[in-house]
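Below is one structure, written out as structure tokens, with a few remarks after it.
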Amino acid sequence: MSDVKQHKLMSTWKFIDKLGEDYDKAVRFLSTLLSIGVDTETTGSEPITDKVLLISAGNTDTQFVFDVAKLESNLEPLLNVLANPQIIKIVHNAKFDYKFFRRSFGIALEPVFDTMIAEMLLLKGRKLQGFALDDIADKYLGVKMDKDIRKSFLKMVYGDSFTEPQLYYSAMDVAYLHKLREEQMRFIRKHGLEKVSVIEMATIPAIGDMELAGMFIDKVKWLKAEENAKAAKLTAMEKLNEFFSPIYGKDMFGNCNINYNSPKQLLPAIKSVVGKPAEGLSSTAEAALKEIDHPAIKALLAYREKEKRITTYGSAFLEYINPVTGRIHSDFSQLYTDTGRFSSANPNLQNIPREKVYREAFTSGDPDYRLITVDYSGMELRILADLSKEPKWIQVFIDKGDLHAINGSILYGVPIRKPGTNGPTDPGENYHLRQPAKSLNFGIGYGMGPKKLAREANLPFDKARELVSAFWRNFPSIKKFFDAHVAKCMNDKCVRCPYDGRLRWLDGFDLDNPKEQARVRNMCMNFPMQAGNATITKRALTRIREHLMGKDAQIVGTVHDEIIVRTHKDIADEIYKIVVDDMIGAAKEFMFNVPVEVEGKIDTCWSK
DNA sequence: GCTTTTCCCGGC
DNA sequence: AAACGCCGGGAAAAGC
């Protein structure tokens, strides 16, 4: 037993590498704790291929470091304690350890309190990095931790023996977790983040399971899409050459001397090819180019689309397939964004093209299995109706009406009806007015002004201005809600979602700058809808995971307001009902004024 | 030569 | 491109 003076605390730690009295005592001690600090040292960061070398567990006073290879088949007593749902596991970056415990030992490390997630929650809007354990140990406890030692494990293989410093620092990795949690909880309470904190912590195991499950991708279908994109790109390029080669010449391979991927080269080139209509062009972005009606521009936009398909969604994407599972395991971050939405990376599964061929390439991977895709319909607008209690909107949702058409008829003062509503010969009425109303409904929630609406809906500026003012006039509850909400945000220097208190700090903005002030105002208006939707989806994921336990079904993906579950075909109907009920149930935890609806499908592939 | 930033575009 | 919110990624350009 090594005694170490640590910041006025007497802390003892012990290395356990064999069966016997010490091991028994350690397990017995841990089993008496209400919360256990837990950490693992692993051979790398991949839970599917890397191995756990050490498990550290303990509290402020006492820590144990278990040698996994030495204990091997005798880990069960320890794992039983760690899997005990009555004991909270305090972990820094718990998703990482959760996945290793799940994959290597078959246990679910839950419930967890994650000191990294807690810190991110507290600092949303203030910073995006600096959440490592040594950062916060220094910040809250003034403890300097030596993190270089962690790298030394990466060179190791399973079964190697450890140095004294390696073991000591592994023990220290769990010694501060209880104190950190206490300190963070003081601030969580101070800022009213108790509720959202519980939601975030409970979501962690669901995300861990989801990442481990992964998504199967049909390589043949995917590559077929790439081949088509390559052919279309060539066609677009030939068309581009017709316009640009006469001016810029060709290289020895017959390609134009212009790099069509280079905005810097393109901007002046477009001006000389297109002439007058492109005179004031200041960017080659799609939004700017769309204003110009010219065959060269059409060819360029087609080229760009195909280039994107090939570079981002082409064969390189398949390199993410894990050789062991044959599936793609994206990294989902539940708290990187300022609004609480998930981000997804390596690869990003949240921006796969909507085009059918791309979604259809994601399959269940087995003829006996299905993918269930369910999404909330019109969720952000429902949240706005719920929060503002706007009676006209609420009535539309209760009646299952068409919000865009009905709002359109209110704003324009004329009826709007879809052709064919009253029988096959019904020509409809003013149906073209639905689109601008839809743009306005969506845009208003993040501060769209008349200028943008005019562009978006192809309206004269005066008409757009009229529409915007008609919106505020006709839906006064929404105006009242936003006005009060924005005023409070500006006063508090933070924005919150009323559902769970989720917070985004707004300090650090120059509010004397009108542009920046407008941006902050828009962020305030948009936040409750985005954050509310994110929270509801997280609750849905947590509920679904619980109800799928022990069944042949797993969550495999989520895209903001959408959840994808893989399951055996024989129980697909049953699982579908669980997913739908949990999604609606999750929304009902927060929304009391507006009914919620979901749309879903059971298919062999990811579908919309 | 390597890394960071900018521009652009895919999603909700 | 923007007086429209939130992301991640690829290629080019810029910076070191």
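Per chain, numbering begins at 1; letters A, B, ... match sequence-line order.
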What contact category does [X] fall into here, base, sugar-phosphate, or nothing, at under 4.0 angstrom with non-hydrogen atoms?
{"X": "A/Glu456", "value": "base"}
{"X": "A/Asn533", "value": "nothing"}
{"X": "A/Leu349", "value": "nothing"}
{"X": "A/Arg354", "value": "sugar-phosphate"}
{"X": "A/Ala288", "value": "base"}
{"X": "A/Glu286", "value": "sugar-phosphate"}

For a quick test of reading the model: is some side-chain N or O of [X] closer than 4.0 Å to OP1 or OP2 of [N]?
{"X": "A/Arg519", "N": "C/dA2", "result": "no"}
{"X": "A/Arg304", "N": "B/dC9", "result": "yes"}
{"X": "A/Lys264", "N": "C/dA11", "result": "no"}
{"X": "A/Asn348", "N": "C/dG9", "result": "no"}
{"X": "A/Asn259", "N": "C/dA11", "result": "no"}
{"X": "A/Asn346", "N": "C/dG9", "result": "yes"}
{"X": "A/Ser343", "N": "C/dC6", "result": "no"}
{"X": "A/Lys451", "N": "C/dA3", "result": "no"}

request  = Classify the ring geometry between A/Phe342 and A/Phe332 as parallel (under 30°), tilted (30 to 60°) or perpendicular (over 60°).
outcome  = perpendicular
ask   = Are side-chain N/O atoms of A/Thr339 and A/Gln530 paired as donor and acceptor at under 3.5 Å?
value = yes
ask   = So which one's nearest nucleotide on DNA chain C is more toward 5', A/Asn351 or A/Ser282?
value =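 Counting from the 5' end, the first nearest nucleotide belongs to A/Ser282.
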Nearest-angstrom distance, C1' atom, C/dA3 to B/dT5 = 25 Å
message = Just checking A/Trp606 against A/Tyr358, ring centres under 6.0 Å apart?
response = no
query = Is A/Glu200 salt-bridged to A/Arg502, going by a charged N under 4.0 Å from an acidic O?
reply =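 Result for this pair is yes, salt bridge flagged.
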Under 3.5 Å donor-acceptor pairs involving side-chain atoms of residues 478-486 of chain A, not counting sequence neighbours:
from: A/Lys479; atom 1: NZ; to: A/Asp483; atom 2: OD2; distance (Å): 2.9
from: A/His485; atom 1: NE2; to: A/Cys524; atom 2: O; distance (Å): 2.8

query = Atom CE of A/Met525 to atom C1' of C/dA3: distance rounded to whole Å?
reply = 12 Å
